[in-house]
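Notes follow once the structure below has been shown.
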Protein chains: 4
Amino acid sequence: MSHRGNRHGRSEEARQSILRAADDLLVEKGFAQLTMEGIATRAGVAKQTIYRWWPSKTDVLLDALGTDYAEDLNPPDTGALRDDLRAHLAHLADYLAHSDAGAVFRALTGQAQHDAALAARLRAEHLTQQRARDRLPLERAVERGELPAGSDLDDLVDRLVGPIYYRVLVTGRPVPPEFVDALIRGAVG
Amino acid sequence: MSHRGNRHGRSEEARQSILRAADDLLVEKGFAQLTMEGIATRAGVAKQTIYRWWPSKTDVLLDALGTDYAEDLNPPDTGALRDDLRAHLAHLADYLAHSDAGAVFRALTGQAQHDAALAARLRAEHLTQQRARDRLPLERAVERGELPAGSDLDDLVDRLVGPIYYRVLVTGRPVPPEFVDALIRGAVG
Amino acid sequence: MSHRGNRHGRSEEARQSILRAADDLLVEKGFAQLTMEGIATRAGVAKQTIYRWWPSKTDVLLDALGTDYAEDLNPPDTGALRDDLRAHLAHLADYLAHSDAGAVFRALTGQAQHDAALAARLRAEHLTQQRARDRLPLERAVERGELPAGSDLDDLVDRLVGPIYYRVLVTGRPVPPEFVDALIRGAVG
Amino acid sequence: MSHRGNRHGRSEEARQSILRAADDLLVEKGFAQLTMEGIATRAGVAKQTIYRWWPSKTDVLLDALGTDYAEDLNPPDTGALRDDLRAHLAHLADYLAHSDAGAVFRALTGQAQHDAALAARLRAEHLTQQRARDRLPLERAVERGELPAGSDLDDLVDRLVGPIYYRVLVTGRPVPPEFVDALIRGAVG
DNA sequence: GGCTAACCGAGACGGTACGTCCAGTCTTCGT
DNA sequence: ACGAAGACTGGACGTACCGTCTCGGTTAGCC
């Protein structure tokens, strides 16, 4: 069932190897050394096949970021807000700083500083969903009465994850459990 | 004081027009469209003159970021911690999001996601000083007894400024005074 | 009589529209801008349909040159050698320089300078016949005793038509009747 | 005295190796397989250096044709028209059909069938001079009284060289001395 | 007051990657 | 069985910048 160049439309085989090659090369050589020609060569694909489906290397990366992001970062539901947050934020910090998908995210966020259109797509296609996942423990806590009903959950999310993103993207400092605990105390008491 | 061809060392005139051109072009066309050739043309300078003094365009920007950063972001000393922080954090948010120097900072931070050496220089030459300025109100509060002596001020700084950087660099959401107040309440009670 | 997707052998409709498209495009845009894709699009035909029947664009043109060449350039038989030649050579010159088929011939001859196989086919499939037609008046003159029996007619043909091809292909100068007369005098007295 | 990239202007070294590479590759692989990239690689030169000075590969070839053409084809001056022509036309035929410069000429003439601008340049920069050389023996014969004063020398030149070009460019037949003699007899008695 | 060192502009150079175009092949569906 | 459609690999196109280089011109500061 591998369609290569026919009227069924695009080759899933080529698509996979391109995304894989982009991911690998980003991790190996970094965003600046990531080129369309390099991806094509590594993927064993013609350059035109990449350009046919993606306008630029950032679009390939946006696609490569794809489902990984969505699936990996679902917070647990232990029934206790602080436990949920402790686990989720630690996972988030580790994911952003050390996973391959995290590397792609950092690269795209970096590029988004120079490219407003990319910034918009990154927010629409990934950040929104991620923030929804980040909110889940807080929403459940409101339902359980652990948090007051009128809380501004978006602001709470920012106060919880903002310092983590800051350390990962800006200062490069690690995010130990104690720091996560302090964040939680500051945000939800 | 215009040295064109002399034995007194580099031309201050050329230096200024290069930094100016880099700054302007960054704001006008963005980091990706900022090229050494473009800077040279705009500055009316030979490419070699740029390469003689700066290894890359990020180094020019690091230099252009220069003293502005240092001078502009000194927190006030009102004698009351919360007032100091309110003013300083609001100023910081505005500066990062809307000033020309903020644009340079965002561009460099973006590039630092792909360039570890740049990340290191950016931290050493700018972030460290900025964080020191961010700490000042907290240090004075400790001296005044407003904060307990053993507080981890670095962690407090991260909890105060982290969400601001997060909004500026990642979500693009604005930083209204109410959000700053919530940050302050969460961090220093 | 329109076969589109059938089991009756190739579509004469497609064949005609391809040859027609090739001819038109050659005249409109020139050989260099003539592409297989362009022919396919203009003819409303899939590229593969062209490749199924012709290996290259020059083969399409060889085919397009087709029967036109053969039919159009038969010399008259007035019974007088010089009259036959005068009419035939003037017609030949006009045909080569100004007709659509002449444009195809010039293009193929040009391409044959870079492609020995094409040169061979062009000679075998067109030039040989054309030279046979060019010889006809001479052969009839030998039969009538207007020319001596041992004459090398091939050399005579070259001396008659060579300068015409030279003007058309190389210098671009016109071929007026006086020049044709001079040619005839030089070749057959 | 080899200037590589300085304000003296272009590198003569690069110019020579490009022309040489173009010439060699044309002879080795033919016009169709001659590419700008191939020339650049063979010449050990950047593509941009070729494009800086020549708009297309035909312009490189026009330049490569250069002085060779001019120098090599000067007719002798024996004092006897028929001897001059016999030697010159034999030389011309051999040159066109068998020399490297002849291969370049044939390729350019072929390409000129598809490119009117090239045809114009080829005539202006090479054919005109060559025809002037071809006329020389005739002009000297007029001065000596070997030919009548009113002769149309241009037409005579065409009748002498036309069949030779025709054989070289169109039929591919050889040009033996007997054919040259017949040409001379037909044109100048 | 000419010499000379240091810096300047200009711009050609060898390279790398860009994004586009077309060649020629292949696979499927519909007629 | 054939034609239309169109995705595929491959390779050259012509362009934009990269970072390096060599040169001639200008201007102190020194003999």
Side-chain angles (χ1 to χ4, degrees), chain A residues 2-11 13-15 33-38 40-41 43-53 55-57, chain B residues 2-11 13-14 33-41 43-53 55-57, chain C residues 2-11 13-15 33-38 40 43-53 55-57, chain D residues 2-11 13-15 33-41 43-53 55-57:
Chain A
S2 108
H3 311 302
R4 301 185 29 158
N6 55 33
R7 78 183 316 186
H8 286 313
R10 69 193 293 185
S11 157
E13 201 170 302
R15 181 175 182 278
Q33 264 61 48
L34 180 67
T35 66
M36 290 297 238
E37 300 213 324
T41 300
V45 140
K47 252 196 310 180
Q48 184 58 40
T49 298
I50 307 183
Y51 282 107
R52 185 150 34 227
W53 302 110
S56 73
K57 70 177 179 178
Chain B
S2 113
H3 321 300
R4 297 191 27 163
N6 57 32
R7 52 192 313 180
H8 305 302
R10 70 193 292 187
S11 157
E13 198 170 301
Q33 266 59 48
L34 180 67
T35 66
M36 289 297 238
E37 297 210 324
I39 297 171
T41 301
V45 140
K47 255 198 309 181
Q48 185 57 37
T49 300
I50 307 182
Y51 282 107
R52 187 145 37 222
W53 303 109
S56 73
K57 71 176 178 179
Chain C
S2 110
H3 320 300
R4 298 189 27 162
N6 57 31
R7 50 195 316 179
H8 307 300
R10 73 190 289 187
S11 156
E13 197 171 302
R15 190 185 116 89
Q33 265 60 47
L34 180 68
T35 66
M36 289 298 237
E37 300 212 328
V45 140
K47 255 198 310 181
Q48 186 56 37
T49 300
I50 307 182
Y51 280 107
R52 186 141 38 218
W53 302 110
S56 72
K57 71 176 177 179
Chain D
S2 108
H3 311 303
R4 303 188 25 161
N6 55 33
R7 81 179 315 185
H8 287 313
R10 70 191 294 187
S11 157
E13 202 170 301
R15 181 176 181 279
Q33 264 61 47
L34 180 67
T35 66
M36 290 298 238
E37 301 215 323
I39 297 172
T41 301
V45 139
K47 251 196 312 181
Q48 185 57 43
T49 298
I50 307 183
Y51 283 107
R52 184 147 36 224
W53 303 109
S56 73
K57 70 177 179 178

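Keep in mind that what you see is a predicted model, and the values were worked out from it rather than measured. Per chain, numbering begins at 1; letters A, B, ... match sequence-line order.
- E/dT16 atom C1' lies 11 Å from atom CD of A/Gln33, rounded to whole Å.
- Relative to the side chain of D/Met36, the nucleotides F/dG14, F/dT9, F/dT15 differ in distance, and F/dG14 lies closest.
- Regarding contacts with the backbone of E/dG9, a side-chain N or O of B/Thr49 is found under 4.0 angstrom from either OP1 or OP2.
- The residue among C/Lys47 and B/Lys47 whose nearest nucleotide of DNA chain E lies closer to the 5′ end is B/Lys47.
- Comparing A/Trp53 and B/Leu34 by the nucleotide of DNA chain F that holds the closest heavy atom to each, the one mapping nearer the 5' end is A/Trp53.
- Of the residues near DNA chain F, C/Ala43 and B/Thr35, the one whose nearest nucleotide (by heavy atom distance) lies more toward the 5' end is C/Ala43.
- The nearest heavy atom of DNA chain E to C/Ser56 and to B/Ala46 marks one nucleotide each, and the one closer to the 5' end goes with B/Ala46.
- For B/Val45, counting side-chain heavy atoms from C-beta on, the closest listed nucleotide (E/dC22, E/dG9, F/dA12) is E/dG9.
- Closest heavy-atom contact between D/Lys47 and D/Met36: CG-O, 4.4 Å.
- Contact annotation: B/Arg52 side-chain N/O to E/dC8 OP1/OP2 distance is under 4.0 Å.
- The heavy-atom pair separating B/Ala46 from B/Ala40 by the smallest distance is C-CB, 4.2 Å.
- In terms of heavy-atom proximity, D/Ala14 sits nearest to D/Ser11 at N-OG, 2.9 Å.
- As judged by a 4.0 angstrom heavy-atom cut-off over every strand, C/Gly44 is placed among residues touching the sugar-phosphate backbone only.
- For B/Glu37, taking side-chain heavy atoms from C-beta onward, the closest of the listed nucleotides F/dG10, F/dC18, F/dA12 is F/dC18.
- The base of F/dC21 sits within donor-acceptor range of the side chain of B/Gln48, with an N or O pair under 3.5 Å.
- Residue A/Tyr51 has its side chain nearest to E/dG19 when only E/dC13, E/dA23, E/dG19 are considered.
- Protein atom CD of C/Glu13 is 22 Å distant from nucleotide atom P of F/dA1, rounded to whole Å.
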Candidate pair C/Arg15 and C/Trp53, rule side-chain contact (heavy atoms from CB on, under 4.5 Å), full reasoning: CA-CA 9 Å; C/Arg15 190 185 116 89; C/Trp53 302 110; over 6 Å; no
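- Distance, A/Lys57 NZ to E/dC18 P: 7 Å, rounded to whole Å.
- Between the C1' atom of E/dC26 and the CZ atom of A/Arg10 lies a distance of 18 Å, rounded to the nearest Å.
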